[in-house]
S.K.: 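I am attaching a structure below and will ask some questions about it afterwards.
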Amino acid sequence: MLSRSNLYFAVLSQMNKSYKNFDDDVVNDFGNQWEKYNYDEIFGFNKLAFNEYFSIFPKKFLNNEAIGFDAGCGSGRWANFIAPKVKKLYCIEPSKKAIEVAKQNLIKYENCVFECATINTSTIKPREMDFGYCLGVLHHIPNTLSAMKSCTSKLKPGAPFLVYIYYKFDNKPIWYKYLWIFSNLLRKMICILPFKLKLLLSRIIAIFIYFPLARFSFILNKFGIENNNLPLYEYRNKRFYVMLTDSLDRFGTKLEKRFTKKEIKKMMQDSGLENISFSANAPYWVGIGYKKD
């Protein structure tokens, strides 16, 4: 039985972890991932993926007077395209390894401010940012809504916030969902392994599953046949390097949550956003909203 003092410190530790709102294992895993796959060799080849995510982002907010943030910047692959367009970009990342990779990748941009923190513990003041984005991060956070509220609290009234969260296949046929259930069982077995084993297995998955299915969709497209319900269809035009990183991301991460478009919209509304819309194309669901006055 815990003593009164030990119980106090246990509760305090739990409260502190809740405040930070991150999972240590997830942060460490992504630190290892971005250290291994730092994107330095193909940094300039991310334009296609960048356009997919930012197709609904209003370009007028990216100007030489704008100050914004990249929540969970990872290797800096999105900041690489945003930094040249704005006055200042705050790159927020809880992993020390990842933030060092981002600093190296973005070394040519003097307007990037790097902060090793979560969005909940960032030093950015409320109502200070002209824009913000958080792509592929919030589904790996214990309290997704809290983290989204922390993001939007940094925005000025009327400022846009772009977000991408793993979806629940609510626009897919029922068999697609069962396929995901099988893949998720595989993820649960792989994600608890040491990093080197996770790296090896994710590479095998990328070689024997991601690559063949992606190239099959690519070939079908060449013959004018499109079917976006094919598994991994969205990788048909992407480089193998991206498949390697995403395979590790998908199967090597312990904490993964998924949401329907309706649930994502509700979280965005609860976070103080309005005029919410979503991209009609993959990746699903990329959404944008504007901070209420």
S.K.: For the side chain of K198 and the backbone of G252, is there at least one donor-acceptor N/O pair under 3.5 Å apart?
M.R.: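 Here the side-chain-to-backbone pair exists.
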S.K.: Using the side-chain hydrogen bond (donor to acceptor under 3.5 Å, both in side chains) rule, collect all pairs that involve residues 155-170, keeping only residues at least two apart or in two chains.
M.R.: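 Residue pairs passing side-chain hydrogen bond (donor to acceptor under 3.5 Å, both in side chains), neighbours aside: D130-K156, Y166-D249, D170-W285.
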S.K.: For the residue pair F182 and Y178, establish whether any side-chain heavy-atom pair is separated by less than 4.5 Å.
M.R.: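 Counting from C-beta outward, F182 and Y178 never come under 4.5 Å.
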S.K.: As a test of understanding, state which of R250, H139, H140 forms a side chain to side chain donor-acceptor pair (under 3.5 Å) with E256.
M.R.: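 Considering R250, H139, H140, a side chain to side chain donor-acceptor pair (under 3.5 Å) with E256 is found only for R250.
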S.K.: Looking at S271 and M267, would you say the former's side chain and the latter's main chain have a donor-acceptor pair under 3.5 Å?
M.R.: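 Yes: the side chain of S271 pairs with the backbone of M267.
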S.K.: Please give me the minimum heavy-atom distance between S153 and K291, naming the atom from each residue.
M.R.: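 Of all heavy-atom pairs spanning S153 and K291, the closest is CA-NZ, 4.0 Å.
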S.K.: Do you know the tightest heavy-atom contact between S146 and N120?
M.R.: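 Smallest interatomic distance, heavy atoms only, reads OG-ND2, 3.2 Å.
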S.K.: How would you list, by chain and number, every residue that makes a side chain to side chain contact (heavy atoms under 4.5 Å, CB included) with F251, sequence neighbours excluded?
M.R.: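 F251 satisfies side chain to side chain contact (heavy atoms under 4.5 Å, CB included) with S183, L186, R187, I190, I205, Y210, S247 once adjacent residues are dropped.
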S.K.: State, to 0.1 Å, how close A83 and N111 come at their nearest heavy-atom pair, and which atoms those are.
M.R.: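 Answer, listing the atom of A83 first, then N111: O-ND2, 2.8 Å.
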S.K.: Do the ring centers of Y53 and Y133 come within less than 6.0 Å of each other?
M.R.: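 Centroid separation for Y53 and Y133: 6.0 Å or greater.
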S.K.: Do the non-hydrogen side-chain atoms of Y233 and N227 ever get within less than 4.5 Å of each other?
M.R.: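 Contact flag for Y233/N227 side chains = no.
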S.K.: Examine distances only and state if a side-chain atom of N80 and a backbone atom of G76 form a donor-acceptor pair shorter than 3.5 Å.
M.R.: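 Such a contact is absent between N80 side chain and G76 backbone.
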S.K.: Looking at residues at least two apart in the chain, or sitting in another chain, which of them share a side chain to side chain contact (heavy atoms under 4.5 Å, CB included) with K85?
M.R.: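 Scan of K85 (side chain to side chain contact (heavy atoms under 4.5 Å, CB included), adjacent residues dropped) gives L62.
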S.K.: Would you indicate whether F216, at its atom CZ, is surrounded by more than 12 heavy atoms from other residues, nucleotides or ligands within a distance under 6.0 Å?
M.R.: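 Not more than 12 within 6.0 Å, no.
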S.K.: Please determine whether side chain to side chain contact (heavy atoms under 4.5 Å, CB included) holds for the pair L232 and I209, giving the CA-CA distance in whole Å, both sets of side-chain angles, and the decisive distance to 0.1 Å.
M.R.: CA-CA 9 Å; L232 303 174; I209 298 178; 4.1 Å; yes
S.K.: Can you get from L273 to I141 by hopping between Ile, Leu, Val, Met, Phe, Trp and Tyr side chains that sit under 4.5 Å apart?
M.R.: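 Shared cluster, yes.
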S.K.: For residues C134 and I119, determine if any side-chain heavy atom of one lies less than 4.5 Å from a side-chain heavy atom of the other.
M.R.: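 No, their side chains stay 4.5 Å or more apart.
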S.K.: Between F169 and Y176, is the ring centroid distance below 6.0 Å?
M.R.: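 Aromatic pair counts; centres sit under 6.0 Å.
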S.K.: Same cluster or not: V101 versus L248, using hydrophobic residues (I, L, V, M, F, W, Y) connected whenever any side-chain heavy atoms lie under 4.5 Å apart?
M.R.: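 Different clusters: V101 never reaches L248 through Ile, Leu, Val, Met, Phe, Trp or Tyr contacts under 4.5 Å.
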S.K.: Taking all heavy atoms of G287 and all of F278, pick out the closest pair and write down the distance.
M.R.: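 In this case the closest contact between G287 and F278 is CA-CD2, 3.6 Å.
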S.K.: Do any N or O atoms from the side chain of K97 and from the backbone of N28 form a donor-acceptor pair under 3.5 angstrom?
M.R.: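 No, because the side chain of K97 does not come within donor-acceptor range (under 3.5 Å) of the backbone of N28.
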S.K.: Would you say NZ of K262 has more than 12 non-hydrogen atoms from neighbouring residues, nucleotides or ligands within 6.0 angstrom?
M.R.: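 Atom NZ in K262 is not crowded, with 12 or fewer foreign heavy atoms closer than 6.0 Å.
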S.K.: Going by side chain to side chain contact (heavy atoms under 4.5 Å, CB included), name the residues that satisfy it together with S279, two or more places apart in sequence or in a different chain.
M.R.: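 Checked S279 against side chain to side chain contact (heavy atoms under 4.5 Å, CB included); matches are S55, I56, N281, V286.
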S.K.: Is the closest side-chain heavy-atom distance between L48 and N237 below 4.5 Å?
M.R.: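 Result yes, sub-4.5 Å side-chain heavy-atom pair found.
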S.K.: Verify the cluster assignment for L244 and F208: are they in a single hydrophobic cluster under the rule of side-chain heavy atoms below 4.5 Å apart?
M.R.: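 Yes, same cluster.
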S.K.: Determine, stepwise, if the pair Q33 / D29 fulfils side chain to side chain contact (heavy atoms under 4.5 Å, CB included).
M.R.: CA-CA 6 Å; Q33 175 177 323; D29 283 340; over 6 Å; no
S.K.: When you measure from the side chain of N105 to the backbone of N38, do you find a donor-acceptor pair of N or O atoms at a distance under 3.5 Å?
M.R.: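 Side chain of N105 to backbone of N38: a pair is present.
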S.K.: How about F69 and E115: do any of their side-chain heavy atoms sit closer than 4.5 Å?
M.R.: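 Of all side-chain heavy-atom pairs linking E115 with F69, none is under 4.5 Å.
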S.K.: Is the backbone N or O of Y290 less than 3.5 Å from a side-chain atom of K292, with the two atoms forming a donor-acceptor pair by type?
M.R.: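 It does not hold such a pair.
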S.K.: Can you see which heavy atom on G132 is nearest to which on F57, and at what distance?
M.R.: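 Looks like O-CE1, 4.4 Å.
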S.K.: Please determine whether the number of non-hydrogen atoms from other residues, nucleotides or ligands lying under 6.0 Å from atom NZ of K60 exceeds 12.
M.R.: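 Atom NZ in K60 is not packed in, count stays at 12 or less.
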S.K.: Does D270 have any side-chain hydrogen bond (donor to acceptor under 3.5 Å, both in side chains) partners at least two apart in sequence or in another chain, and if so, which?
M.R.: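 By the side-chain hydrogen bond (donor to acceptor under 3.5 Å, both in side chains) rule, D270 matches K266.
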S.K.: Tell me whether E52 is salt-bridged to K238, with the criterion being a basic N under 4.0 Å from an acidic carboxylate O.
M.R.: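 Salt bridge between E52 and K238, a charged N being under 4.0 Å from a carboxylate O: yes.
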S.K.: I'd like to know if the side chain of R236 and the backbone of R215 have a donor-acceptor N/O pair within less than 3.5 Å.
M.R.: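 Pair absent, no side-chain N/O of R236 close to backbone of R215.
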S.K.: With sequence neighbours excluded, tell me which residues meet side chain to side chain contact (heavy atoms under 4.5 Å, CB included) with V27.
M.R.: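 Partners of V27 by the side chain to side chain contact (heavy atoms under 4.5 Å, CB included) criterion, ordered by chain and then number, come out as F22, P94, S95.
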S.K.: Could you check whether any side-chain N or O of K177 sits under 3.5 Å from a backbone N or O of K172, counting only pairs where one atom can act as donor and the other as acceptor?
M.R.: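 No, K177 side chain to K172 backbone: no donor-acceptor pair under 3.5 Å.
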S.K.: Are L138 and I124 connected in the hydrophobic side-chain network, where two residues link if heavy atoms are under 4.5 Å apart?
M.R.: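 The answer is yes; both residues are in one hydrophobic cluster.
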S.K.: Could you tell me whether the side chains of S122 and K154 share a donor-acceptor contact shorter than 3.5 Å?
M.R.: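 No, K154 and S122 have no side-chain donor paired with an acceptor closer than 3.5 Å.
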S.K.: If hydrophobic clusters are built by linking Ile, Leu, Val, Met, Phe, Trp and Tyr wherever their side-chain heavy atoms come under 4.5 Å apart, do I204 and F195 end up in the same one?
M.R.: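 Yes, one cluster joins them.
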S.K.: Are the side chains of M129 and I67 in contact, using a 4.5 Å heavy-atom criterion?
M.R.: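 Touching, per the 4.5 Å side-chain cut-off.
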S.K.: Tell me, do D23 and K254 make a side-chain contact under 4.5 Å, heavy atoms counted?
M.R.: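 Answer no - side chains too far apart.
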S.K.: Going through the distances and angles, do L201 and L193 end up as a side chain to side chain contact (heavy atoms under 4.5 Å, CB included)?
M.R.: CA-CA 10 Å; L201 292 173; L193 299 173; 3.5 Å; yes
S.K.: Look only at the side chain of R203 and the backbone of L200, and say whether a donor-acceptor pair between them is shorter than 3.5 Å.
M.R.: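 It does not hold such a pair.
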S.K.: Is any side-chain heavy atom of C91 closer than 4.5 Å to one of Y109?
M.R.: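 Side chain of Y109 against side chain of C91, heavy atoms only: no contact under 4.5 Å found.
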